[in-house]
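In what follows, a single structure is set out as structure tokens and then discussed.
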Amino acid sequence: MSEEATAAGPSPDPGVPSPREPASASGVRQIVGLFVVPLLVVIMCVGVFVLFGWVAYDRQSVGDYLNDLRDNRSFFAHRRKQAAYELSKILSADPEALNEEPGGEVELRRLFERTEDIWVRRYLALVLGHIEDREAVPLLIDAAGGEDSQTRIYALMSLGSIGDRRGLAAVQAGIADSDAGIRKTAAYALGGFDEPQVADSLAVLVEDPVADVRWNAALALSELGRDEGVEVLEQMLDRRFLSQVPEITPLQQEEAMIGALRALVRLEQSGKLELVSVLAEEDPSLKVRQAAIKARRALRSEG
């Protein structure tokens, strides 16, 4: 979702092995001719087993997923990836869920530091941010300067979630990175730090050539009560401008517009009431109209 390329995080699918190729077409015909009915029965049984197995797996506890992550057997790699992903989902929604596992934070740090699986490391970087583990800040700083760009992105996000000033320098270093995804994430993460120099760093990113880097910077500035990004927020409400951003989806357009409307309210920008009113009455998206109606009501009360 940028003027250069979409800098989204990796897909939550850790990947599955490719199916094996059949030995020959004639061999396949013979197998189908002789065993089609028994084979269908077997497939149905296996399908039911797999379905109920994954349903049960999705219902595992935090401790169960930690046990899966501890298993270093090579054939268990896919399950470790899935366990790390499930943990990131659970702890994103409820960080307190880790309390059911004594020593869970220590174990997560150990697993993050020692794992050689890049997918597991990425998801665990997110997990450490979800639980706001300050003891993990040195590990995340190291990961933010690593070679894998997606792990760097997740580590920067987590440093922003934790907001420990020890991580600020690593996040600020990201604003000058050549990778737009890193700059965009750094802009987002900077909003998590209550430090005076943060606003100056974000003001630099408001001038970034990539649209969604500017957007994240403007939104983060609004969280700090700073209005240097107001012009960028207006761009985010211009559908003609949004339609020119390569690879942006309709859903992403809606999210950008709703975020900008909320930012204008935070900044008490009653001078933008006319623009907000037009969106409230004319925008083709019901979600955007509803957000604009709410913003108009708030801005009128402030004015």
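In this chain, numbering begins with 1 at the start of the sequence shown.
- Considering CG of Leu69 and CG of Leu111, their distance stands at 5.5 Å, rounded to 0.5 Å.
- Between Val276 and Val265, every side-chain heavy-atom pair lies at or beyond the 4.5 Å cut-off.
- Enclosure of atom CD in Glu100 by more than 12 non-hydrogen atoms of other residues, nucleotides or ligands within 6.0 angstrom is indicated.
- Residue pairs meeting the side chain to side chain donor-acceptor pair (under 3.5 Å) criterion with at least one member in residues 125-137, sequence neighbours excluded, are Arg109-Asp133, Arg134-Asp164.
- Here the side chains of Arg214 and Gln235 are in contact, with some heavy-atom distance below 4.5 Å.
- With hydrophobic clusters built from ILVMFWY side chains whose heavy atoms lie under 4.5 angstrom apart, Val137 does not share a cluster with Val106.
- One finds the CE atom of Met257 at 10.5 Å from the CH2 atom of Trp215 (value rounded to the nearest 0.5 Å).
- By the salt bridge (Lys or Arg N to Asp or Glu O under 4.0 Å) test, Glu107 is found to be paired with Arg70, Arg110, residues two or more places apart in sequence or in another chain being considered.
- Of the possible donor and acceptor atoms, none in the side chain of Asn67 sits under 3.5 Å from a partner among the backbone N and O of Asp64.
- You'll find the side chain of Leu205 stays beyond 4.5 Å of the side chain of Leu221, heavy atoms only.
- To the nearest 0.5 Å, the span separating CD1 on Ile175 from CG on Leu202 amounts to 8.0 Å.
- Arg266 and Ser222 form a side-chain donor-acceptor contact under 3.5 Å, judged by distance and modelled atom types alone.
- Linking ILVMFWY residues whenever their side-chain heavy atoms come closer than 4.5 Å, directly or via other members, leaves Val278 and Leu264 in distinct clusters.
- Lys184 has no carboxylate O lying under 4.0 Å from a charged side-chain N of Asp208, or vice versa, which leaves the two without a salt bridge.
- Nearest heavy atoms, Leu275 versus Leu237: CD2-CD1, 3.8 Å.
- By the rule that hydrophobic residues join a cluster once side-chain heavy atoms approach within less than 4.5 Å of another member, Leu273 and Leu267 end up as members of one cluster.
- A donor-acceptor pair is defined here as one N or O able to donate and one able to accept, closer than 3.5 Å; such a pair exists between the side chain of Arg289 and the backbone of Asp283.
- A salt bridge (charged side-chain N to carboxylate O under 4.0 Å, His left out) check over residues 143-160, counting only residues at least two apart or in different chains, returns the pairs Arg122-Asp148, Arg152-Asp177.
- Under the side chain to side chain contact (heavy atoms under 4.5 Å, CB included) test applied with Trp119, the options His78, Lys81, Gln150, Arg80 reduce to a single match, Lys81.
- Contact record, Asp212 with Val210: OD1-CG1, 3.2 Å, taken as the closest heavy-atom pair.
- Between the side chain of Ser158 and the backbone N or O of Ala125 there is at least one donor-acceptor pair closer than 3.5 Å.
- Atom CD of Gln252 is separated from atom OG1 of Thr249 by 3.5 Å, given to the nearest 0.5 angstrom.
- Here the closest heavy-atom approach between residue Ile141 and residue Ala170 is recorded as CG2-CB, 4.2 Å.
- Taking the side chain as every heavy atom from C-beta outward, Leu139 and Phe112 approach each other to under 4.5 Å.
- One finds a salt bridge joining Glu234 and Lys272 here, because a Lys/Arg side-chain nitrogen approaches an Asp/Glu carboxylate oxygen to under 4.0 Å.
- Here NZ of Lys294 is found 12.5 Å from CG of Leu299. Values are rounded to the nearest 0.5 Å.
- Defined by atom type and a distance below 3.5 Å, a donor-acceptor pair is present between the side-chain atoms of Gln82 and Glu86.
- Heavy atoms only, all atoms of each residue included: Arg121 and Asp142 are closest at NH2-OD2, 4.4 Å.
- Side-chain N/O atoms of Asn99 and Glu96 include a donor and acceptor closer than 3.5 Å.
- Side-chain contact between Leu87 and Leu126: absent, with no pair of heavy atoms (C-beta onward) separated by less than 4.5 Å.
- Placement of Phe193 and Val204 in two distinct hydrophobic clusters is found when ILVMFWY residues are connected by side-chain heavy-atom separations under 4.5 Å, directly or transitively.
- Looking only at side-chain heavy atoms (C-beta outward), Leu168 and Val198 come within less than 4.5 Å of each other.
- Under a 4.0 Å N-O distance rule, the pair Arg79/Asp68 qualifies as a salt bridge.
- Scanning all heavy atoms of the two residues, the minimum distance from Tyr123 to Tyr154 falls at N-CD1, 4.5 Å.
- Counting heavy atoms from C-beta on, the side chains of Pro284 and Arg239 come closer than 4.5 Å.
- With Asp227 contributing its side chain and Val230 its backbone, the two residues share no donor-acceptor pair below 3.5 Å.
- Counting non-hydrogen atoms of neighbouring residues, nucleotides and ligands closer than 6.0 angstrom, the CD atom of Glu231 reaches no more than 12 such neighbours.
- Surrounding OH of Tyr188 are at most 12 heavy atoms belonging to other residues, nucleotides or ligands under 6.0 Å away.
- Heavy-atom minimum distance, Val127 versus Ala84: CG2-O, 4.4 Å.
- Hydrophobic clustering (side-chain heavy atoms under 4.5 Å, transitive across Ile, Leu, Val, Met, Phe, Trp, Tyr) keeps Leu219 apart from Leu251.
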